[in-house]
Amino acid sequence: MTPLLEIDRLTTRYVSARGARVVEAVSDISFRLEAGETLGIVGESGSGKTTLALSIMRLLPPGARIAAGAVRFEGEDLLAKSDGEMRRLRGKRIAMILQDPMASLNPLFTVGDQVGESLRVHEGASRRTAWTRARELLTAVKIPAPEARVREYPHQLSGGMRQRIVGAIAISCEPRLLIADEPTTSLDVTIQAQYLNLLRDLQREHGLALIFITHNLGIVARMCDRVAVMYAGRLVEIGPVRRIFDAPAHPYTRALLESIPRLADARARLTAIDGQPPDLAALPVGCAFHPRCPKVEDRCRREVPTDIAVAEDHRARCWLAAR
Amino acid sequence: MTLLEVDNLVKHFPVKGGFFTGGGVVRAVDGVSFRIEAGRTVGVVGESGCGKTTTAKVVLGLETPTSGTLRFEGADLQTLDAAGRRRYRRSVQAVFQDPFASLNPRMRVGAIITEPLVVHEQLARGEARERALRLLDVVSLPERSIDLFPHEFSGGQRQRIAIARALALEPKLIVLDEPVSALDVSIRAQILNLLRDLQARLGLAYLFITHDLAAVAYMSHTVAVMYLGKLVEFGPARAVATAPQHPYTRALFAAALPSHPDERREDVTLVGEVPSPLAPPPGCRFHTRCPVVMERCAREEPPLVHTDGRLVACHLYSPTPGVGPWQPQRAAPGSLTSPSFTTGGAP
Ligand SMILES: Nc1ncnc2c1ncn2[C@@H]1O[C@H](COP(=O)(O)OP(=O)(O)OP(=O)(O)O)[C@@H](O)[C@H]1O
Ligand SMILES: Nc1ncnc2c1ncn2[C@@H]1O[C@H](COP(=O)(O)OP(=O)(O)OP(=O)(O)O)[C@@H](O)[C@H]1O
Ligand code: SF4
Ligand code: SF4
Ligand SMILES: [Mg+2]
Ligand SMILES: [Mg+2]
């Protein structure tokens, strides 16, 4: 069966105005996503998570270009589609939620107009139908008093509520794939919990596939079926969440898991990762993690590790995984 | 030994009426009492706007309290003379969230970290350099950092610079307001480890503010939980984190993210959002969201009472008002020294 989404050796680069600085923010990345599945993408700031999402959506800023690879959605090559075809697909079949809800909301329009807009654009709904549907959607994302809220403007709402509105817009045309890019980083712990529950409920009810981008492994543990770990533009490990937490194959994944404090933590010290993430414009030769890796070998300093199958549905880009 | 004692601290901000809002008073901190023991860490948690930073600013002398007292090593700050105040300001230093904003971009690192020394001790140049090198060593930065500018460092390194500067005057207490929140995930453990090493070596006390519940449990001896300007629970870190008593603390820690996919938490989902500190709900401030709210909660404010080795402000734990004049047993801040407070939750 064809997967819902298939990314095949995708590479995206940012090239500065005079071509002096080239950053390969997405480097030879491959993975698949089945219908209804939740994939977490974790990685530190600058590891290329957003660039990967924008490449899939074909929403890259000027200066960025997809240099190689394919993005197949429901069996069709998205990179071969015209801009018009992509516009029709976005919001309808694939939707995206951004970190900052204000960036996706127009301050000049009411909540009702914005939630109903996709329906009018994609499904030709009348203004009245769109508003009725907007009220239903606000109820679906558990916004209290939706009749009143549809008439309000974004600045009148709290951060948690705005993010719900963005969620309502994203699901308005019942997409098959929802990409959420750090949608809860600006929210408080209890509001975040509410929002994560909501996303999970929506996903179950509508059979949505979800790509959840985050730097927080706790969110992955709570929300995802599988997880992909990014480091310096590469996907360094991917596999089922339990397996990755219990038996990570990549030293970076392992170090990340061990560096995080837990609620009932009796350790005297956290296992810190030495050094700092590399500059993508000046990557170390060989494995990009090698200057920080506790398991580094000679080969790691020379050759970029290939994508190695560790077990069924579990891959890692590390020379150690080959053994 | 008690280093800092905060008693019934109140900080209100008068606000002018805006286009959409009437004027009024923001009750940022509304009667908070706690104490910090020498060499120990008090962690402060609570949702955005509950008054954590305001509390920290009052402790740092950056805001004047509306009312309440602060005693440092037994002395009331208001009664201190100029020399005493100077001593206090040296003894209490701070590290903030944003290492980019808190360092002067036009100063070299050596000058940044010895600036407090120059101000407070009129240190000679040569000696300042000597001290700067020692401080850089303490926070594990290379010697050559001394002549570089902040922009030449990564976020984690800048936070080390901020810590070195905070250490320059050999303080007894450091206020840490979200010290790792702006850092990369892989860098946070480095800084948390450094802070714990420094505490062990130098006997520092910390007031550690964060949104990260696991980090606060890991770093603190005692945890203070705030809600809308009030202290709702105060007790040994391990006990508060693993067996919270106040309904808000329970909801907060239930919402903490798991560290493993099989980790299950109590299922408490709070409804609604935090009310405005301009018009906090009467009675218990948490009653509009509390899953076990009772009739009296909207009328009576629950006092802080001792229960299960900690202090909790909730009617579930306060004596039922019965016949006769009922006086809640207010726990005086001086009574916080039950044995479990000094032994519990040692990281
Ligand atoms: N518009 C741009 N022009 C040039 N370089 C860019 C641009 N956007 C991102 N980059 C670079 O690409 C790399 C990946 O950035 P990206 O935003 O995809 O990372 P991310 O993993 O989403 O990070 P964060 O967690 O901070 O959101 C970074 O090194 C960044 O500097
Ligand atoms: N100078 C000020 N003038 C008016 N209101 C203020 C001022 N400083 C803080 N406040 C208000 O006081 C309340 C408490 O703010 P504070 O910064 O202490 O919260 P916090 O717990 O540190 O929140 P966060 O987690 O977002 O940092 C908030 O409602 C805030 O808007
Ligand atoms: S390839 Fe080598 S340096 Fe890279 S993660 Fe594996 S062991 Fe470490
Ligand atoms: S006093 Fe009442 S409303 Fe407040 S936390 Fe306790 S039970 Fe809930
Ligand atoms: Mg991003
Ligand atoms: Mg704050």
Side-chain angles (χ1 to χ4, degrees), chain A residues 42-47 142 144 155-156 158-161 186-194 196-197 215-225 227 231 240-242 244-246 252 255-277 279 292, chain B residues 20 45-50 153-157 180 182-194 196-197 200 211-219 237-238 241-243 248 251-263 265 267-274 276 289 346-347:
Chain A
V42 285
E44 301 177 64
S45 188
S47 59
K142 305 205 172 73
H155 74 262
Q156 293 169 283
S158 70
M161 244 191 283
S186 59
L187 305 181
D188 264 321
V189 189
T190 63
I191 308 292
Q192 166 174 281
Q194 289 171 6
L196 293 178
N197 285 347
H215 59 263
N216 192 327
L217 282 162
I219 289 186
V220 171
R222 183 174 164 152
M223 294 286 290
C224 302
D225 305 317
V227 55
Y231 188 80
V241 167
R242 255 183 205 79
I244 301 287
F245 273 74
D246 291 337
Y252 173 66
L256 214 50
L257 284 165
E258 286 176 356
S259 75
I260 295 165
R262 304 173 199 126
L263 265 191
D265 209 324
R267 291 177 293 173
R269 285 177 74 79
L270 300 169
T271 319
I273 308 178
D274 289 337
Q276 59 208 53
D279 173 2
R292 307 172 78 189
Chain B
F20 291 104
V45 292
E47 281 167 287
S48 187
C50 69
F153 293 86
S154 69
Q157 289 171 322
V180 297
L183 303 181
D184 263 327
V185 192
S186 76
I187 303 297
R188 290 182 188 176
Q190 292 177 8
I191 300 297
L192 294 180
N193 278 341
L194 171 67
R196 274 182 55 155
D197 292 348
H211 280 110
D212 183 340
L213 297 169
V216 91
Y218 177 70
M219 292 291 288
R238 182 64 57 78
T242 57
Y248 174 65
L252 193 64
F253 280 91
L257 292 163
S259 54
H260 188 278
D262 292 334
E263 199 174 307
R265 296 229 196 284
D267 192 14
V268 202
T269 313
L270 286 186
V271 290
E273 316 214 1
V274 187
S276 161
R289 298 170 80 201

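Numbers restart at 1 for each chain; the letters A, B, ... are given by sequence-line order, proteins then strands.
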Of the listed residues (B:Ala200, B:Pro261, B:Ala255), which shares the most heavy-atom pairs with chain A below a 4.5 Å separation? B:Pro261
Nearest atoms (heavy-atom pairs only) where B:Ser186 meets A:Arg292: OG-NH2, 2.7 Å
Part of B:Thr242 within contact of chain A (heavy atom distance under 4.5 Å): side chain
From CD (B:Glu263) to CZ (A:Arg222), nearest 0.5 Å: 11.5 Å
Where does B:Gln157 contact chain A at under 4.5 Å (heavy atoms): side chain, backbone, both or neither? side chain
Calculate, to the nearest 0.5 Å, the distance between atoms CZ and CG belonging to B:Arg188 and A:Leu256 respectively. 10.5 Å
Does the side chain of A:His215 come under 3.5 Å of the side chain of B:Asp184 through a donor N or O and an acceptor N or O? no
Closest-packed option against chain B by number of heavy-atom pairs under 4.5 Å, given A:Ser259, A:Ser158, A:Ala193, A:Gly218: A:Gly218
Chain B contact via A:Met161 - side chain, backbone, both or neither, heavy atoms under 4.5 Å: both
Per-residue contact mode, A:Leu257 against chain B (heavy atom under 4.5 angstrom): neither
Straight-line distance of B:Asp212 CG to A:Asn216 CG, nearest 0.5 Å: 8.0 Å
Can you tell me which of A:Ala272, A:Ala255, A:Ala221 forms the most heavy-atom pairs within a distance under 4.5 Å of chain B? A:Ala221
Rounded to the nearest 0.5 Å, the CZ atom of A:Arg269 sits from the CG atom of B:Leu194 at a distance of 9.0 Å
Less than 4.5 Å apart, any side-chain heavy atom of B:Val185 and any of A:Val42? no
Quick check for you: to the nearest 0.5 Å, what is the distance between A:Gln194 atom CD and B:Leu270 atom CG? 7.0 Å
Honestly, the part of A:Leu263 sitting under 4.5 Å from a heavy atom of chain B is both
Toward chain B, the part of A:Gln192 with a non-hydrogen atom under 4.5 Å: side chain
Quick one: closest heavy-atom pair of A:Leu270 and B:Asn193, and the distance? O-ND2, 2.7 Å
Can you name the nearest heavy-atom pair linking B:Tyr218 to A:Asp265, along with the distance? CD1-CB, 3.7 Å
Looking at A:Val189, is its backbone amide N or carbonyl O close enough to the side chain of B:Glu47 to form a donor-acceptor pair, meaning the two atoms are under 3.5 Å apart? no
